[in-house]
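Only this structure's heavy atoms are used, side chains among them; waters, hydrogens and symmetry mates stay out.
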Amino acid sequence: MFAWSWVLNQSGPTEFVFRVFTPVPEFQALLFLLFLLLYLMILCGNTAIICVVCTHSSLHTPMYFFLSSLSFLEICYTSVVVPLMLSNIFGAQKPIPLAGCGAQMFFFVTLGSTDCFLLAVMAYDRYVAICHPLHYTLIMTQKLCVQMVVGALGLALFLSLQLTALIFTLPFCGHHREINHFLCDVPPVLRLACADTRVHQAVLYVVGILVLTVPFLLICVSYVFITLAILRISSAEGRRRAFSTCSSHLTVVLLQYGCCSLVYLRPRSSTSEDEDRQIALVYTFVTPLLNPLIYTLRNKDVKGALRHVINSKAA
């Protein structure tokens, strides 16, 4: 509370503006339609997964519970960013209040961090399913699954609150209030501070390690054991099915962690604001869009359930 009240009492600027993508009206219209189309596809794809998992009892398993939770996170995650982004494409730069910028940063970091933790939880689920199949239902109980998701969200909330409050204790220079980004992300906002930010950069790096590096290492360890277990399967069809189940998750992991690491774990001296904005487009649009596509196109159970829903609607 102290941090937020301090922010609201700053003598510096009380508003930020986002840098425009392009001043050309024709390109603005094209970008607006493209981003709107991608956003609607993200909403439809992830909502379809949630509906299918909820309505088909055959999908009431830990793996699909985590998948539907991931889809819900993706909807919230993009909804924090894209509507405001679309409203800023046309016309003059529209200001966002300091408190509004802080709120967007808090929810963006919270949901993004929960996403990363949840991917690690999903890797553990695959590890138990493949390495300990006889004990899977005993270990991955409904209670444990809910606790894992709530724990991931709780840890993300804690880290995001600390980081956001720390960032907004900084004074911001009046002539540097344009954010070279399409959202209030931590690195571009830090660049606007007119104070020493070395401590804040160090905290951001520590949070990045906790959110990105640690879960990624846990995922790697899980997949080492998973690979060893799969290689011991005598049936070629069994090995193929096991690899197919894991490859979808691994594809999403590499895309999500790879892009986020480029933004949050690179030394500041080697980063470019324009590069960060381009990479952010990938984990704002591409990853949430690919999640439902990857998991449905490579998963017979989800494809069958979707087909059943479509056929029942047609009938």
J.: Please output the side-chain donor-acceptor pairs of residues 108-119 that fall under 3.5 Å, not counting sequence neighbours, one pair per line with the distance.
T.:
| residue | atom | partner | partner atom | Å |
| --- | --- | --- | --- | --- |
| Thr110 | OG1 | Phe106 | O | 2.7 |
| Thr110 | OG1 | Ser160 | OG | 3.0 |
| Ser113 | OG | Val109 | O | 2.7 |
| Thr114 | OG1 | Thr110 | O | 2.7 |

J.: How long is the span from the CE atom in Met41 to the CG atom in Leu37, to the nearest 0.5 Å?
T.: 5.5 Å
J.: Tell me every residue that passes disulfide (SG to SG under 2.5 Å) with Cys260, counting only those two or more places apart in sequence or in another chain.
T.: none
J.: Report, one line per pair, each donor and acceptor closer than 3.5 Å where one atom sits in a side chain of residues 43-51; sequence neighbours left out.
T.:
| residue | atom | partner | partner atom | Å |
| --- | --- | --- | --- | --- |
| Asn46 | OD1 | Ser71 | OG | 3.3 |
| Asn46 | ND2 | Ile42 | O | 2.9 |
| Asn46 | ND2 | Pro288 | O | 3.2 |
| Thr47 | OG1 | Leu43 | O | 2.5 |

J.: Is there a donor-acceptor pair closer than 3.5 Å between any side-chain N or O of Lys94 and the backbone N or O of Val17?
T.: no
J.: Should Leu36 and Phe285 be counted in the same cluster of Ile, Leu, Val, Met, Phe, Trp and Tyr side chains packed under 4.5 Å apart?
T.: yes
J.: What's the spacing between Gln104 CD and Asp185 CG if we round to 0.5 Å?
T.: 9.0 Å
J.: Hey, does the side chain of His60 reach the backbone of Cys54 with a donor-acceptor pair shorter than 3.5 angstrom?
T.: yes
J.: Could you pull out all residues at least two apart from Gln162 that satisfy side-chain contact (heavy atoms from CB on, under 4.5 Å)?
T.: Phe158
J.: Apply ring pair (Phe, Tyr, Trp, His ring centres under 6.0 Å) to residues Tyr223 and Tyr127 and explain how you reach the verdict.
T.: CA-CA 7 Å; Tyr223 273 100; Tyr127 160 75; 10.0 Å; no
J.: Any non-hydrogen side-chain atom of His181 less than 4.5 Å from a side-chain atom of Arg19?
T.: no
J.: Any sub-3.5 Å donor-acceptor pair from Thr78's side-chain atoms to Ile75's backbone N or O?
T.: yes
J.: Mind listing the closest non-hydrogen atom pair of Leu281 and Met85 along with its distance?
T.: CD2-CE, 3.9 Å
J.: Quick one: side-chain hydrogen bond (donor to acceptor under 3.5 Å, both in side chains) partners of Tyr124, sequence neighbours excluded?
T.: none
J.: Give a yes or no on whether Phe65 atom CZ has more than 12 heavy-atom contacts from other residues, nucleotides or ligands under 6.0 Å away.
T.: yes
J.: Which heavy-atom pair separates Leu210 from Val214 by the least distance, and what is that distance?
T.: O-CB, 3.9 Å
J.: Quick one, Leu30 and Glu26 - any side-chain contact, counting heavy atoms below 4.5 Å?
T.: no
J.: Honestly curious: do Leu254 and Ile226 fall in one hydrophobic cluster under the side-chain, below-4.5 Å linking rule?
T.: yes
J.: Taking all atoms of both residues into account, what is the closest heavy-atom pair of Phe168 and Leu98, and its distance?
T.: CE2-O, 3.8 Å
J.: CZ/Phe90 to CG/Leu31 distance, rounded to the nearest 0.5 angstrom?
T.: 9.0 Å
J.: Test of understanding: clusters of I, L, V, M, F, W, Y form through side-chain heavy atoms closer than 4.5 Å, transitively. Do Leu138 and Met63 belong to the same one?
T.: no
J.: Do Met122 and Arg126 touch side chain to side chain, with heavy atoms closer than 4.5 Å?
T.: no
J.: Taking only residues two or more places apart in sequence or in another chain, which ones pass side-chain hydrogen bond (donor to acceptor under 3.5 Å, both in side chains) with Tyr257?
T.: none
J.: Does Arg277 qualify as a cation-pi partner of Phe21, given the criterion of NZ or CZ under 6.0 Å from the six-membered ring centre and within 45 degrees of its axis?
T.: yes
J.: Provide the closest heavy-atom pair for Tyr77 versus Thr284 in the form atom of the first, atom of the second, distance.
T.: CE2-CA, 4.3 Å
J.: At what distance, to the nearest 0.5 angstrom, does OG1 of Thr227 lie from CZ of Arg232?
T.: 10.5 Å
J.: Are Leu163 and Leu159 close enough, and set up right, to give a side chain to side chain contact (heavy atoms under 4.5 Å, CB included), and what steps lead you there?
T.: CA-CA 6 Å; Leu163 181 61; Leu159 293 174; over 6 Å; no
J.: Indicate, with yes or no, if Val52 and Phe72 share a hydrophobic cluster defined by side-chain heavy-atom contacts under 4.5 Å among Ile, Leu, Val, Met, Phe, Trp and Tyr.
T.: yes
J.: Run the ring-centre check on Phe16 versus Phe172 and record whether the distance is less than 6.0 Å.
T.: yes
J.: According to side-chain contact (heavy atoms from CB on, under 4.5 Å), who are the partners of Leu265, at least two apart in sequence or on a separate chain?
T.: Tyr205, Ile209, Leu212, Thr213, Ser261
J.: If we ignore hydrogens and angles and just use 3.5 Å, is the side chain of His132 paired with the main-chain N or O of Val128 as donor and acceptor?
T.: no
J.: Please identify which of these residues, Val149, Leu157, Val150, meets the side-chain contact (heavy atoms from CB on, under 4.5 Å) condition with Leu153.
T.: Leu157
J.: Just how far is it from atom CG of Leu204 to atom CD1 of Ile167, taken to the nearest 0.5 Å?
T.: 6.5 Å
J.: Does any pair with a residue in residues 66-108 pass disulfide (SG to SG under 2.5 Å), and if so which ones, sequence neighbours excluded?
T.: Cys101-Cys184
J.: So which heavy atom on Glu178 is nearest to which on Leu192, and how close?
T.: O-CD2, 3.4 Å
J.: Examine Tyr64 and Leu250 and state if one hydrophobic cluster contains both, with Ile, Leu, Val, Met, Phe, Trp and Tyr joined whenever side-chain heavy atoms are less than 4.5 Å apart.
T.: yes
J.: So which atom in Cys145 and which in Met140 form the shortest heavy-atom distance, rounded to 0.1 Å?
T.: SG-CE, 4.0 Å
J.: Regarding Arg191 and Asp276, does a basic nitrogen lie under 4.0 Å from an acidic carboxylate oxygen?
T.: yes
J.: Applying side-chain hydrogen bond (donor to acceptor under 3.5 Å, both in side chains), can you list everything that pairs with Tyr136, at least two apart in sequence or on another chain?
T.: Asp125
J.: Got a sec, which residues hit side-chain contact (heavy atoms from CB on, under 4.5 Å) with Val286, two or more places apart in sequence or on another chain?
T.: Leu255, Val282, Leu290
J.: Report yes if some heavy atom in the side chain of Leu190 is under 4.5 Å from a heavy atom in the side chain of Leu170; otherwise report no.
T.: yes
J.: Got a sec, which residues hit salt bridge (charged side-chain N to carboxylate O under 4.0 Å, His left out) with Arg198, two or more places apart in sequence or on another chain?
T.: Asp196
J.: Would you say that Asn180 contacts Phe18 through its side chain, given a criterion of any heavy-atom pair below 4.5 Å between the two side chains?
T.: no
J.: Under 6.0 Å from the CZ atom of Phe35, do we count more than 12 heavy atoms belonging to anything else shown?
T.: yes
J.: Can you check whether Leu144's main-chain N or O pairs, donor with acceptor, with Thr141's side chain at less than 3.5 Å?
T.: yes
J.: Once rounded to the nearest 0.5 Å, what's the spacing between atom CZ of Phe225 and atom SG of Cys131?
T.: 8.0 Å
J.: For the residue pair Ile130 and Ile230, establish whether any side-chain heavy-atom pair is separated by less than 4.5 Å.
T.: yes
J.: Output all residues satisfying side-chain contact (heavy atoms from CB on, under 4.5 Å) with Val224, sequence neighbours left out; order by chain, then residue number.
T.: Leu228
